[in-house]
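Worksheet: the structure to be examined is printed underneath.
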Amino acid sequence: MKKMRKMMLLAIGMAVLLATGGCTLSSQSEEQSNSDWGSVDTNPQASEVQDETNIDVKKPENAAIFIDEKLDENLFISAELKMPENILYEYTTQLKSFNYDKVHEAIGQNAEGNLVVSDGSDEFTGGSLTYQRNDMADHLETYCSYAEEMGLTDERDLSFMSRTDAVARIQSLMESFGVEGELEALGIVAMNHLDFENAKKAIMEDNNYQGVLSAKGYENDTFDEGMEMYRIIFRMNVNGIPVYRNEPGLRGTSERFLAYPVTITALLSNNGIEMITMMGMFESYDGHQKEAAIIGADGIKEAIMKKFGDVILTSEYKAANIWMEYFPLLREDSFTEIDLIPVWCVDFEIDGESVKDTGYTIRFNAITGEEIS
């Protein structure tokens with residue numbers, strides 16, 4: 001319920017955020033931690049087995065390694081590590097500027113719909129786009145999120161279009177916008193008018209949200225018979241590696257500012273596009289790149305030790321999940337120029353509590369080992 005309350009509070013604020021090109025609700029943040037980029041080769045540096053008796057490094061057949069080691073007092077690592085197969089690059093780019101007319105033409109419907117192609121901020125410009133067919137769009141997204149979280153829907157194709165075709169439709173639309181990267185569908189919610197009725201009934205009987213949503217007019221919502229809709233949340237990949245999407249409690253460093261997370265959510269119904277929200281989009285990066293030598297297991301352990309080495313830990317910290325992301329950092333003295341940097345993300349269990357419960361993640365620059373967030 002704690003997770004649901006946070007998710008719904010974000011969803012309820014959608015209307016305000018959409019007016020400024022803000023980030024849409026995403027209930028899929030845990031999926032980015034468990035991404036599998038396909039088969040990988042083990043970096044020689046990562047596969048070195050040290051002589052200490054407290055180290056147990058196992059090498060599965062699929063070229064991933066499992067590291068199980070005590071690093072220091074109350075500091076452990078017990079996680080699988082997959083090194084990327086391809087050569088990685090660090091990219092220099094900037095937040096994307098969308099062409100209003102081009103986007104409006106690509107959507108191809110309902111000229112009266114609300115389309116915004118800037119984020120409304122005095123500091124961060126570009127990189128975001130929002131479209132709503134009408135004021136009902138953010139209500140529909142809330143119902144989809146609630147239905148998904150509460151298990152009120154199942155995986156199925158709708159009569160007007162298959163799930164596969166719906167994903168391809170939105171991917172094609174993103175290409176027409178000039179969006180860079182490889183889009184991957186993280187989650188698809190399929191609902192018809194009966195599903196919306198059931199979601200509305202459930203949410204209006206939920207004491208946590210009934211009062212707030214009634215004040216926003218949710219209790220007056222009606223759904224046309226025959227209405228069908230997909231809500232699709234996309235992840236963006238670069239070199240087959242996910243770009244940072246959203247992480248509650250993420251913190252910056254004193255030297256660098258975080259750019260927007262990369263988020264894409266679309267609502268596609270049998271009447272066309274109902275809503276699109278995008279944030280953190282960036283321009284083409286192919287011409288601005290340099291090869292990056294990625295640290296392996298030893299480098300990750302050194303980075304963790306540097307983080308905690310001078311700290312007396314009174315609780316037990318265990319690095320239990322490690323994965324790689326591309327991370328957007330604003331360049332110095334700029335609010336639009338971005339460095340896309342490969343980072344190692346490390347989830348920690350604290351005193352045996354699960355990663356999901358602790359929510360404690362540190363990201364290290366995968367080139368230098370320096371802490372980013």
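All residue numbers refer to positions in the sequence shown, counting from 1.
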Quick one: does any side-chain atom of [X] pair with a main-chain N or O of [Y] as donor and acceptor, under 3.5 Å?
X: N99; Y: K102; result: yes
X: T93; Y: E283; result: yes
X: E370; Y: F364; result: no
X: S172; Y: A168; result: no
X: K96; Y: G280; result: no
X: E291; Y: I87; result: no
X: N74; Y: L313; result: yes
X: W344; Y: I295; result: yes
X: D157; Y: R163; result: yes
X: N270; Y: M229; result: no

Search all heavy atoms of [X] against all heavy atoms of [Y] and return the closest pair with its distance.
X: E73; Y: K70; result: OE1-NZ, 3.7 Å
X: Y146; Y: A202; result: OH-O, 3.6 Å
X: I294; Y: P342; result: CD1-CG, 3.9 Å
X: A199; Y: A147; result: CB-CB, 4.2 Å
X: S315; Y: I350; result: CB-CG2, 3.9 Å
X: V167; Y: A185; result: CG2-CB, 3.9 Å

Is there a donor in the side chain of [X] and an acceptor in the side chain of [Y], or the other way round, less than 3.5 Å apart?
X: D351; Y: Y317; answer: no
X: N208; Y: D206; answer: yes
X: Y91; Y: N239; answer: yes
X: D195; Y: T153; answer: no
X: S214; Y: Q210; answer: no
X: T142; Y: Y218; answer: yes
X: T336; Y: Q94; answer: no
X: T92; Y: R331; answer: no

For residues [X] and [Y], determine if any side-chain heavy atom of one lies less than 4.5 Å from a side-chain heavy atom of the other.
X: M161; Y: L158; result: no
X: E228; Y: S159; result: yes
X: P84; Y: N86; result: no
X: I77; Y: I304; result: yes
X: V116; Y: N114; result: yes
X: I276; Y: T130; result: no
X: D165; Y: R169; result: no
X: S128; Y: M281; result: no

Apply side chain to side chain contact (heavy atoms under 4.5 Å, CB included) to N134 and Q132, showing your working. CA-CA 5 Å; N134 51 42; Q132 288 184 333; over 6 Å; no

Quick one: are the ring centres of [X] and [Y] less than 6.0 Å apart?
X: F76; Y: F348; result: no
X: F160; Y: Y230; result: yes
X: Y285; Y: Y326; result: no

Is it possible for you to say whether [X] and [Y] belong to one hydrophobic cluster, with membership spreading through side-chain heavy-atom contacts below 4.5 Å?
X: I203; Y: M150; answer: yes
X: Y360; Y: I322; answer: yes
X: Y100; Y: M174; answer: yes
X: I362; Y: M305; answer: yes
X: M204; Y: Y209; answer: yes

Can you establish whether the number of heavy atoms outside D135 located under 6.0 Å from its atom CG is more than 12? no

So how far is it from [X] [atom1] to [Y] [atom2], rounded to the nearest 0.5 Å?
X: L340; Y: I241; atom1: CG; atom2: CD1; result: 11.5 Å
X: D298; Y: I67; atom1: CG; atom2: CD1; result: 8.0 Å
X: D221; Y: L140; atom1: CG; atom2: CG; result: 7.5 Å
X: L267; Y: I232; atom1: CG; atom2: CD1; result: 9.0 Å
X: L183; Y: F234; atom1: CG; atom2: CZ; result: 6.5 Å
X: E302; Y: L71; atom1: CD; atom2: CG; result: 11.0 Å

I'd like to know if [X] and [Y] make a salt bridge, using a cut-off of under 4.0 Å between side-chain N and carboxylate O.
X: E371; Y: R363; answer: no
X: E85; Y: K82; answer: no
X: E325; Y: R245; answer: no
X: E197; Y: K201; answer: no

Run the salt bridge (charged side-chain N to carboxylate O under 4.0 Å, His left out) test on K200 and E219 for me, step by step, so that the C-alpha distance in whole Å, both residues' side-chain angles and the decisive distance to 0.1 Å come before the verdict. CA-CA 8 Å; K200 176 188 172 183; E219 62 183 1; over 6 Å; no

Per the side chain to side chain donor-acceptor pair (under 3.5 Å) rule, what does the pair list look like for residues 178-188, sequence neighbours excluded? E184-R235, E184-N237

Taking it one step at a time, do M275 and R133 satisfy side chain to side chain contact (heavy atoms under 4.5 Å, CB included)? CA-CA 6 Å; M275 186 183 80; R133 178 194 290 272; over 6 Å; no

Can you list the steps and then say if T265 with E141 is a side chain to side chain donor-acceptor pair (under 3.5 Å)? CA-CA 9 Å; T265 300; E141 209 284 332; 5.2 Å; no

Hey, mind stepping through I65 and M83 against side chain to side chain contact (heavy atoms under 4.5 Å, CB included) and telling me if it holds? CA-CA 9 Å; I65 60 171; M83 292 296 292; over 6 Å; no

Step-by-step side chain to side chain contact (heavy atoms under 4.5 Å, CB included) determination, D339 to F327: CA-CA 8 Å; D339 290 326; F327 200 71; over 6 Å; no

